[in-house]
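There's a structure below that I have some questions on.
Since the structure is predicted, the reported quantities are computational estimates derived from the model, not experimental observations. Per chain, numbering begins at 1; letters A, B, ... match sequence-line order.
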Number of protein chains: 2
Amino acid sequence: MTGVQTESLEVFRTVARYGSITSAARALGYTQSAVSRQVAVLEAQAGARLFDRLPRGVVLTSEGACLLPHAEAVVDRLAAARAELAALRGLSGGQVRVSAFTTATAALVPRALASFRQAHPGVGVTLANGLTPALLDGLAAGDADLAVVSAPAAAGVHPIDPARFTVHHLLDEHLLIAVPGQHRLAGRATARLAEFAEDAFIVGSATAEDTLLRVSLPPGFRPRTDIVAPDWTAKLGLVAAGLGVALIPALAIRSAPADLALLRLDAEDAPVRQVLAATAAGRTVPAAATALITHLRHAAAGLELA
Amino acid sequence: MTGVQTESLEVFRTVARYGSITSAARALGYTQSAVSRQVAVLEAQAGARLFDRLPRGVVLTSEGACLLPHAEAVVDRLAAARAELAALRGLSGGQVRVSAFTTATAALVPRALASFRQAHPGVGVTLANGLTPALLDGLAAGDADLAVVSAPAAAGVHPIDPARFTVHHLLDEHLLIAVPGQHRLAGRATARLAEFAEDAFIVGSATAEDTLLRVSLPPGFRPRTDIVAPDWTAKLGLVAAGLGVALIPALAIRSAPADLALLRLDAEDAPVRQVLAATAAGRTVPAAATALITHLRHAAAGLELA
DNA sequence: GCGTGCCATGCGAGCCTCGCATGCCATCGA
DNA sequence: TCGATGGCATGCGAGGCTCGCATGGCACGC
């Protein structure tokens with residue numbers, strides 16, 4: 001019973017069904033001798049006669065009848081495995097695990113997932129949140145198939161080791177500055193950071209170092225960070241109420257709010273951030289993940305135009 | 001995915017568990033190259049990479065993770081098949097289908113089944129009833145594994161074709177004649193049929209030909225068959241009430257009734273009937289059936305003594 | 001009594017799988 | 001920086017396995 005060939009089980013099943021080695025052989029496209037021998041081998045492995053040889057064919061013995069449901073279960077299970085692999089390959093099944101940094105889950109990832117699920121309804125998707133370093137660690141650990149991460153566009157030190165990860169560029173994200181509707185610069189399309197020296201900045205944490213401001217503070221520029229707000233929604237609410245201005249990554253804006261103005265910050269002040277889709281290098285990328293990258297690209301293109 | 005070797009699935013499972021081809025090979029007693037090649041073959045059959053080769057071992061791809069539960073199910077199912085076959089062989093499982101003629105189910109078969117079930121509690125037993133010809137047909141058709149049948153002891157024409165059935169002699173059944181307790185012959189141990197010329201016979205059907213009397217009527221002997229009763233219990237009740245006498249096969253007597261006498265009929269009048277256990281010739285006899293025959297023999301020996 | 005249907009088996013060719021040995025690659029430590 | 005180590009892949013040859021072909025034995029039916 002060790003080293004069973006699954007074909008032998010299929011042969012066994014067919015012989016049991018036909019009640020004849022010869023006709024089973026015909027049905028399977030084998031020679032009668034081949035089937036006879038395969039049955040004999042299976043019987044030796046089982047340690048018991050599986051068929052009684054009658055003058056007009058064969059019938060299962062009690063041992064054969066005992067084995068038959070198991071053999072059919074095995075054959076069926078293998079067929080199920082084949083089918084599931086085919087589904088995986090054909091993007092009509094399986095699972096893809098995506099992780100993304102929080103801002104990306106505002107608009108970019110949801111839009112990509114929406115079109116992806118429409119295109120491949122059979123593929124399950126799980127979404128995880130986190131900060132870029134944790135996402136990359138999880139990616140390397142195999143916790144996710146695909147990570148949407150951010151990286152500074154600066155050509156210098158790249159936080160993403162190209163030897164460990166394969167990255168797919170999605171978009172270059174610019175930084176916006178949100179000002180109240182009646183702010184003196186509300187009508188402008190772009191602005192420099194230095195123009196907001198007198199404004200109160202609503203930041204995400206108490207220390208300027210932990211906020212977006214840290215990326216490139218002009219020398220001598222020390223913004224007032226009076227108000228701390230935990231998330232983008234709260235920040236926008238505070239800005240709309242006239243309590244100050246706030247730096248907002250463009251991706252965090254789901255749609256243009258009516259009661260405040262968004263100015264694009266000059267690239268000199270805040271270098272654009274890259275948004276990337278990363279996969280683990282050296283690991284086979286699931287077909288679903290590859291497809292999802294395409295949808296992420298399309299979603300990114302749609303967002304950049306807006 | 002056709003022609004999968006079940007050993008390859010076991011290998012696949014082990015490699016996935018160890019995360020390393022080399023250590024899996026050690027655990028399986030194979031060479032690293034053999035395991036490497038088996039994995040490669042399985043991957044070719046699956047049409048996809050199942051493992052990503054990392055510098056320090058291997059990890060499942062999404063396809064591999066998809067296949068793994070199926071592989072484990074197959075391996076487990078084969079192990080279950082092995083276990084069930086072993087149980088069948090070891091008489092700790094399985095099923096045996098017995099059929100018997102009605103009289104044998106009064107005492108002989110129940111006693112044999114009782115001791116058999118005590119010896120092999122794991123073996124299921126199904127019991128069917130019928131007349132000997134039908135039992136033999138069912139046996140030949142594979143509806144039963146074992147049939148308890150009766151046959152005349154006459155050495156002449158044997159109703160059981162030895163080419164179609166293997167018979168195991170259980171006992172020679174003698175015929176009893178039941179008489180009321182106050183019958184004039186009640187004190188005798190044996191009797192001749194002719195001594196009952198004046199007695200009313202309680203028979204199983206209206207025509208003498210269909211009763212036990214038919215087996216060998218002395219010339220000129222024409223018993224009175226006034227009363228017809230459907231079964232042995234009713235017959236015995238009628239006899240006990242003094243309404244006549246009745247021929248009873250010894251096997252139909254579960255225990256000696258108190259209110260009537262049982263005389264053994266002379267063998268010249270009613271040749272003893274053989275009770276046999278039959279199996280289909282040319283068919284493998286299940287181990288449980290063979291064991292049950294032994295228990296039938298013991299039960300028969302116990303009944304003959306009584 | 002012979003033809004037919006069915007299964008088992010000896011024989012030889014081809015293929016497959018194994019172990020051995022080697023090569024390649026990445027990592028780790030001196 | 002370079003060798004040691006650990007891990008996987010692969011060329012090679014031996015042995016085993018499975019196949020098809022052909023034959024033989026057996027039981028049944030005309």
What's the CG-C1' distance between B:L28 and C:dC18, to the nearest Å?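 After rounding, the reported distance stands at 14 Å.
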When you check the side-chain N and O atoms of B:D52 and A:T284, is any donor under 3.5 Å from an acceptor?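 On atom types as modelled, these side chains qualify, holding a pair under 3.5 Å.
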Using atom types as modelled, flag every donor-acceptor pair under 3.5 Å from a side chain in residues 26-39 of chain A to any protein atom, sequence neighbours excluded.
| unit_1 | atom_1 | unit_2 | atom_2 | d |
| --- | --- | --- | --- | --- |
| A:Q38 | OE1 | A:S8 | OG | 3.2 |

Return all side-chain donor-acceptor pairs below 3.5 angstrom for residues 129-141 of chain B, not counting sequence neighbours, or 'none' if the list is empty.
| unit_1 | atom_1 | unit_2 | atom_2 | d |
| --- | --- | --- | --- | --- |
| B:T132 | OG1 | B:S150 | N | 3.3 |
| B:T132 | OG1 | B:S150 | OG | 3.4 |

Between A:Y30 (OH) and D:dC21 (C1'), how many Å, whole number?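 Rounded to whole Å, this separation is 17 Å.
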Can a salt bridge be assigned to the pair A:R17 and A:E10 using a cut-off of 4.0 Å between side-chain N and carboxylate O?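 Not counted as a salt bridge, because no side-chain N and carboxylate O are separated by less than 4.0 Å.
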Once you round it to whole Å, what is the distance between P of C:dG5 and OH of A:Y18?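 My rounded result for the distance is 18 Å.
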Before accepting this row, confirm whether a basic side-chain N of the pair A:R53/A:E43 lies closer than 4.0 Å to the acidic partner's carboxylate O.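 A:E43 and A:R53: salt-bridged.
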Below the 4.0 Å mark, does D:dC17 have OP1 or OP2 next to a side-chain nitrogen or oxygen of A:Q5? no
With the criterion being N/O to N/O and under 3.5 Å, what pairs connect the protein with nucleotides 7-12 of chain D, and how long is each?
| unit_1 | atom_1 | unit_2 | atom_2 | d |
| --- | --- | --- | --- | --- |
| D:dC8 | OP1 | B:I21 | N | 2.9 |
| D:dC8 | OP2 | B:I21 | N | 3.3 |
| D:dC8 | OP2 | B:T22 | N | 2.8 |
| D:dC8 | OP2 | B:T22 | OG1 | 2.6 |
| D:dA9 | OP1 | B:R53 | NE | 2.4 |
| D:dA9 | OP1 | B:R53 | NH2 | 2.9 |
| D:dA9 | OP2 | B:S36 | OG | 2.5 |
| D:dA9 | N7 | B:Q32 | NE2 | 3.1 |
| D:dA9 | N6 | B:Q32 | OE1 | 3.2 |
| D:dG11 | O6 | B:R37 | NH2 | 2.7 |

Check B:L88 against B:G94 and note the closest heavy-atom contact, atom names and distance. CD1-CA, 3.4 Å
